[in-house]
Every structure is written in structure tokens, then in C-alpha cells.
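Remarks on the structure that follows.
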Amino acid sequence: LVSGSLAFSLPSGTFNSIFIGLQRNEVPTVIVVIGKLVSGVLVILAAKLGGGLLWMAIGMSAANVSTALVQYWVCRWLAADIRLSGTSASLDAGRELFGYCLSLSVWSVAMLLVSGLSTTIVGILDFKSLAYFTVAVSLTNFLAGLQNAAFGALMPVAAALGARQDARRLGDMLIASTRYGMLILSLSGLPLIICSYWILKLWVGRDYALHAQPFLQILVAAQIIRLSATPYAVLLIGTGQQRQVLLTPLIEGATNLISALLLGSRLGAIGVAWGAVIGSLVGIICNLIYNM
């Protein structure tokens with residue numbers, strides 16, 4: 001049910017992207033946030049009423065499909081001059097889309113190696129720590145989501161400057177956005193490191209706070225290092241240059257995976273967390289020495 005609803009809603013991302021390209025980010029933001037809230041309410045209601053996982057999945061799937069339909073309807077309403085047409089499909093358009101997305105797919109695979117397999121590795125190597133590790137990962141994912149949301153708006157601006165070949169303004173924007181990015185990471189990440197126990201205790205209780213604190217501190221440090229390159233990555237995508245940067249994410253992902261497996265087999269979950277730090281350091285070094 002959930003996979004089917006996600007497959008149905010994937011093409012609707014095009015309609016959100018239209019508004020992002022028009023620099024009307026508030027439109028997709030409102031739609032997505034309301035959709036997530038409705039999904040959460042339906043899942044909670046299903047659980048409260050004793051419906052079990054099946055009805056929880058039905059609620060989530062209904063919200064996903066409804067959000068996709070609303071995205072299409074809002075696009076037809078607010079961007080009435082844009083029409084779907086089969087005549088626009090061509091081999092040239094397909095090749096352009098494939099070439100643009102292939103490199104992004106490589107990035108996605110690399111990010112799967114970086115963050116998508118950590119809980120699985122902990123589950124295999126140190127199962128007793130899995131729940132505590134998952135709590136820490138949830139907070140670090142919040143940090144990444146905040147950073148990506150803050151700088152996603154740079155992409156259409158970068159595309160416009162790239163089309164004009166205004167390298168000077170692109171460089172100035174990269175420097176300024178990186179400074180602001182580090183400020184945001186410091187303000188959001190350092191409290192999670194310094195006050196990790198109290199934040200976790202307030203959120204999930206004393207037992208989880210005691211056991212999850214070291215994981216959270218290490219994983220947040222790794223995220224701060226990795227996310228410092230977010231403005232650089234966004235500007236690469238915005239100017240269509242992401243295909244020139246394929247080696248670094250693969251090296252970072254492979255290093256992260258190998259380090260997590262080796263250290264995790266010896267140290268358990270804490271070793272998997274340190275593997276993330278090693279991977280992030282390798283990624284930043286490759287960015288500075290090779291890409292830039």
C-alpha cells in the first residue's frame with residue numbers, strides 16, 4: 001500500500017518543481033506540510049482505534065495519493081499556462097533527462113551508503129543498541145533536513161546565474177551561503193552535542209538519554225562536517241555540473257560503509273557512529289582537494 005502510493009505520487013513531484021523553479025517555494029511547502037500532518041493524524045487515529053499496521057498503512061497511503069492529486073490541481077490553478085502534452089516527449093528530451101538524473105542517482109546511491117545502511121549494520125552487529133542508535137539517527141536526520149530545506153531555495157537562483165554564466169556572482173553566493181550554512185549548523189548542531197543528554201531526556205526519557213547520548217554526539221559531529229558542503233552541492237545541481245562530481249560521493253559512501261563495518265564489528269554501535277565521522281572527513285577532503 002505504502003509503496004504503491006509513493007509510486008503514484010512520484011510524478012507529482014514535477015508540479016512542485018515548477019513552483020520551485022518559479023521561486024514560489026511557499027506553494028509546495030504548504031502542500032507537503034499539510035499532507036504530512038494529515039498522514040500523521042490518520043496513522044495516529046488508526047493506532048488509537050486499534051486498526052493495526054494495515055489501517056495505519058491505508059491512512060498513510062491515502063494521504064500520499066491525496067497530496068499528489070492536490071499538487072496537480074494547484075499547478076493547473078496557479079500555473080494555468082503549463083499543460084501536459086505527449087507531443088513534448090522525444091528521444092532528445094529523454095537523453096537530456098537521463099544524463100541529468102544519472103549523476104544524481106549516483107549521488108543517491110552514495111548517500112544510501114553514508115546514512116541509509118547504518119541502522120541495518122547496527123541491527124546486525126549490535127542489536128541491543130539498535131533502539132538507542134535509531135533515536136540518535138532521528139535527531140541527526142532532523143539536522144540534515146533543516147540544512148537542505150534552508151538552502152534548497154538557492155537552486156533556481158543558481159540556475160539563473162549559471163544560464164547567464166555569471167561566475168563571479170555564483171562564487172560570491174557560494175562563499176556567503178557557506179558562511180550562513182556553518183552558522184545554522186553551529187546554532188542547531190552544537191546544542192545537540194553539548195546538551196545532548198538533557199534534550200534526549202526531555203524527548204524520550206532518562207534510559208534512552210543515557211544510552212543514546214554518545215551516539216548522538218558523534219553522529220551530529222559527522223553531520224556538521226558533511227553538511228558544511230551543502231551550499232556547494234546545491235549550486236552544482238543548480239548549474240547542471242553535478243555530473244562532474246561523481247567520484248567524491250562514491251569514495252565517501254564506500255569509506256563510510258567500510259569504516260562502519262570494520263569498527264562496528266569491533267566496537268559495536270559506537271564504531272558504526274565513528275565510521276560516519278571518518279566518511280564525512282574523507283568526503284570534505286575530496287571536495288577540497290579534488291572537486292574544487
Please check if the number of heavy atoms outside [X] that lie under 6.0 Å from its [atom1] is greater than 12.
X      : atom1 : value
Trp107 : CH2   : yes
Leu183 : CG    : yes
Trp198 : CH2   : no
Arg243 : CZ    : yes
Leu210 : CG    : yes

Item checked: Distance-only polar pair, side chains of Thr248 and Asn287, donor-acceptor under 3.5 Å ->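 No pair is found: no donor N or O on one side chain lies under 3.5 Å from an acceptor on the other.
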
Item checked: Pair Gln223-Thr140, side-chain donor/acceptor within less than 3.5 Å ->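 No, Thr140 and Gln223 have no side-chain donor paired with an acceptor closer than 3.5 Å.
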
Checklist line | salt bridge (charged side-chain N to carboxylate O under 4.0 Å, His left out) partners for Arg24, two or more places apart | finding: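 Counting only residues at least two positions away or on another chain, Arg24 forms a salt bridge (charged side-chain N to carboxylate O under 4.0 Å, His left out) with Glu26.
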
Item checked: Those residues that, when tested against Arg266, pass salt bridge (charged side-chain N to carboxylate O under 4.0 Å, His left out) (two or more places apart) ->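 Arg266: no salt bridge (charged side-chain N to carboxylate O under 4.0 Å, His left out) contacts found.
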
Note to self: Please determine whether a side-chain nitrogen of the Lys or Arg among Asp92 and Arg95 lies less than 4.0 Å from a carboxylate oxygen of the Asp or Glu.
What the structure shows: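 Result for this pair is yes, salt bridge flagged.
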
Check: Does Asp126 pair with Lys128 as a salt bridge, N-O distance under 4.0 Å?
Finding: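 Looking at Lys128 together with Asp126, the answer is yes, because their closest N to O distance falls below 4.0 Å.
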
Answer whether the closest heavy-atom distance between the side chains of [X] and [Y] falls below 4.5 Å.
X      : Y      : value
Tyr290 : Ile285 : no
Arg206 : Tyr197 : yes
Val220 : Leu139 : no
Gln147 : Ile184 : yes
Leu113 : Asn256 : no
Val272 : Thr119 : no
Leu1   : Leu54  : yes
Ile284 : Glu252 : no

Mind checking whether [X] and [Y] sit in one hydrophobic cluster, side chains of I, L, V, M, F, W, Y counted as touching below 4.5 Å?
X      : Y      : answer
Leu130 : Ile121 : yes
Phe98  : Val109 : no
Leu288 : Leu250 : yes
Leu69  : Ile58  : no

Item checked: Test side chain to side chain contact (heavy atoms under 4.5 Å, CB included) applied to Phe142 and Ser188, step by step -> CA-CA 10 Å; Phe142 165 76; Ser188 58; 5.7 Å; no

Next item on the list: Take Ile224 and Leu143 through the test side chain to side chain contact (heavy atoms under 4.5 Å, CB included) and record every step on the way to the result.
Entry: CA-CA 9 Å; Ile224 290 175; Leu143 194 67; 4.3 Å; yes

Checklist line | Output field: ring centroids Tyr132/Phe215 closer than 6.0 Å | finding: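 That pair fails the under 6.0 Å test.
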
